[in-house]
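The structure appears right after this line, and notes come after that.
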Amino acid sequence: MTAPLAARPHAPLRPLTASHAQWARGFWGDVHERTRSVTVPSIWNDLSNPEVSPGLRNFLIAAGKEQGEHIGPPFMDGDLYKWLEAAISQLETDPEPWLAETIAEMVALIASVQRDDGYVHTPTLIAARNGVGAVELADRFHFETYNLGHLITAGVRHYEVTGETTLLDVAKKAAAYLEGLANNEPLELARSAICPSHYMAVIDLYRVTDDKRYLELANAFVRVRDDFHGGDDNQDRLPVREQKVVAGHAVRANYLYAGLADLVAETGDDELTRVLNGLWNDVVDNKLYITGGCGALYDGASPDGNPWQEDISRVHQAYGRAYQLPNTTAHNESCANIGMILWSERMLALSGEARYADVIEQIAYNSLLASIGLGGHEYFYTNALRQVRDLPFPLRRPGDTGQQVVPAPPPSDERVRESYLPCYCCPPNIARTLARFHERAASASSEGLFIHQYGGSDVRWADGERSIALSEDSNYPWNERITFTVTAATGGGLPVHLRIPGWVRGAQLSVNGEAVDVTDPSSYTRIDREWNDGDTIELVLPMPVRVLRAHRLAEEVTNQVAVQRGPIVYTLETHDLPEGVRLEQVALRRGTTLTPETATIAGHEIVALAGEFAVLPASGSEELYEDLTSEPVQTVSARLVPYYTWANRGPGEMSVWLPVVW
């Protein structure tokens with residue numbers, strides 16, 4: 001059984017699933033293979049090894065198969081559910097016996113620990129088994145609804161891929177538990193709706209069952225949230241329809257708005273659509289890093305939330321004020337960046353506007369891929385844009401619970417990816433995002449086939465007696481030329497819409513060598529003609545090196561520039577500087593030519609940018625302020641590398657933004 005295209009009555013675009021789209025080759029084909037062969041298996045090895053992670057063992061204890069106490073953060077159940085979603089998606093695209101057996105064992109184990117009322121939360125279940133008093137929903141930061149949301153999503157995925165109903169039945173029971181809360185304990189439900197994955201989950205359940213009780217449940221989630229007076233930390237200070245700016249915890253915000261966009265796709269709520277448009281624009285126009293990172297601050301507040309001091313919320317992993325975008329201390333949790341992909345793809349489906357696919361591309365090639373090492377098994381929780389030596393304060397290690405099994409990480413000024421994090425939410429989230437990234441390649445609608453992302457896809461779609469299949473051949477994002485070949489067409493084929501990225505200028509398009517007019521950047525160019533097998537579409541997206549500066553209010557990067565080529569943001573690593581030259585000395589001269597050249601990092605071929613850089617005089621002291629000397633500016637040969645490749649050559653300093661000199 002393959003996953004069907006979900007019916008979304010108020011969303012014109014329907015993402016293509018694995019039976020209609022694959023990353024078959026090229027850049028994303030390589031990432032897909034790495035996810036299959038390294039990322040998904042290695043995460044399971046960690047979760048199932050009690051010397052590394054208590055993830056699996058907590059379920060075994062809850063089932064009575066082992067003795068012990070719950071270890072780890074309360075959201076760890078969700079980590080296993082997210083891995084399960086990734087594994088199920090891999091079972092769909094690349095079935096393997098070990099994977100099918102492991103999934104079946106996990107499905108049976110999860111079903112065995114679920115209470116009759118649908119509740120599953122191993123900390124509470126283990127406490128009850130050990131005769132220790134434990135009350136469900138006692139603390140909003142126990143993440144019960146978050147865990148149940150990921151469980152429901154995994155249950156829907158399992159049914160879509162396998163046709164089996166065991167985990168789907170678990171998902172239905174979990175939804176029934178949430179329904180009981182909505183009807184009988186709405187305050188407890190609203191208070192516990194931290195990081196609301198369950199908004200998206202129950203819409204998934206509605207789409208696969210066509211049972212309107214789940215759509216009604218999604219509406220109930222919004223209703224109880226609006227009746228609850230909380231704070232900006234969880235976006236529940238104001239009713240959702242009154243929210244005009246994005247504030248608070250970035251993961252929670254992005255998950256909430258993604259779930260609301262799912263609701264709009266089913267209900268066509270115009271007012272909620274306007275709210276979501278405004279909120280998404282607030283992030284992209286004012287609060288999104290150039291790498292697509294979301295949630296600038298380790299700790300923030302809701303400074304504009306209320307004039308009364310006592311009503312201001314403390315916020316962890318916070319969206320800050322507009323243009324508040326620090327670099328060394330940038331938080332940008334990997335889950336927040338993934339949440340922005342989830343939100344943006346739903347906005348794309350609702351509107352058909354290419355700007356949403358532009359942001360997905362921006363995140364995917366930069367902050368998403370930076371969050372996982374080139375080897376496929378080491379991860380960042382936070383994604384800074386600058387790393388410096390001898391930082392005089394430690395950057396808090398995310399998720400420390402005092403219960404980790406693995407050794408402590410290296411010092412904060414040698415920040416590198418880790419194979420296991422005490423807060424393990426990001427690795428399986430990265431895995432499920434990459435395992436399903438083919439679903440971001442293209443969509444279908446009554447208008448034909450829409451290609452959103454480039455990088456080595458095979459896509460096909462049929463509408464009645466008309467169909468078309470395309471195979472992409474490209475070295476994108478390194479090379480500007482993308483070729484699609486029509487591998488099958490019936491009934492004359494279907495119209496094809498190609499995204500012209502927002503960063504491009506002077507795009508060119510031809511069919512069988514004949515030029516076709518191209519629309520403006522950040523739009524789709526429609527090609528409507530009689531298609532035949534063997535027809536070729538060639539899209540050329542010029543990739544000059546661009547030097548970008550930030551808004552005048554982005555204080556941390558005043559008089560600095562960043563470099564981008566195509567969708568790739570570049571960075572300077574000290575690995576590429578001559579000995580004796582410090583990161584803070586290097587500046588980019590205005591008008592400097594940066595030349596693309598092939599390079600290799602950790603066995604992966606990339607395109608670096610080589611050139612001559614200015615070297616400012618070194619600081620003579622560690623004083624807070626010192627006199628500027630008259631020493632001349634020197635020149636050094638160096639190169640920039642893609643941001644997503646940084647920290648793959650060991651510890652070092654790094655900066656996306658560089659001073660600019662004339």
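In this structure P123 satisfies the side-chain contact (heavy atoms from CB on, under 4.5 Å) test together with H70, D77, H121, sequence neighbours excluded. Residues satisfying the ring-ring contact (aromatic ring centres under 6.0 Å, His included) criterion with Y199, sequence neighbours excluded, are F221. Contacts of E136 classified as side chain to side chain donor-acceptor pair (under 3.5 Å), with partners at least two apart in sequence or in another chain: R115, Y177. By the side chain to side chain donor-acceptor pair (under 3.5 Å) test, D139 is found to be paired with no residue, residues two or more places apart in sequence or in another chain being considered. Checked against ring-ring contact (aromatic ring centres under 6.0 Å, His included), Y356 has the following partners two or more places apart in sequence or in another chain: W280. Looking at residues two or more places apart in sequence or on another chain, you find no ring-ring contact (aromatic ring centres under 6.0 Å, His included) involving Y379. Under the side-chain contact (heavy atoms from CB on, under 4.5 Å) criterion, R25 pairs with D458, S471, not counting sequence neighbours. Applying the side chain to side chain donor-acceptor pair (under 3.5 Å) test to S334 and every residue at least two apart in sequence or in another chain returns N383. Applying the side-chain contact (heavy atoms from CB on, under 4.5 Å) test to S192 and every residue at least two apart in sequence or in another chain returns L137, T145. Looking at residues two or more places apart in sequence or on another chain, you find no ring-ring contact (aromatic ring centres under 6.0 Å, His included) involving Y289.
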Under 3.5 Å, which donor-acceptor pairs link side chains of residues 95-107 to any protein atom two or more places apart or in another chain?
residue, atom, partner, partner atom, Å
E96, OE2, R36, NH1, 3.3
E96, OE2, Q90, NE2, 3.4
T102, OG1, W98, O, 2.7

Show which side-chain atoms of residues 421-430 pair as donor or acceptor with protein atoms under 3.5 Å away, not counting sequence neighbours.
residue, atom, partner, partner atom, Å
N429, OD1, R432, NE, 2.6
N429, OD1, R432, NH2, 3.1
N429, ND2, Y255, OH, 3.0

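Atom CG in L369 sits 7.5 Å away from atom CD1 in I568 (nearest 0.5 Å).
Across Y81, F141, F143, a single residue satisfies ring pair (Phe, Tyr, Trp, His ring centres under 6.0 Å) together with F75, and that is F143. The side-chain hydrogen bond (donor to acceptor under 3.5 Å, both in side chains) with Y381 is formed by just one residue from the set E418, H331, R417, Q317; it is Q317.
Taking the six-membered ring where the residue is Trp, the centroids of Y365 and Y643 are separated by 6.0 Å or more.
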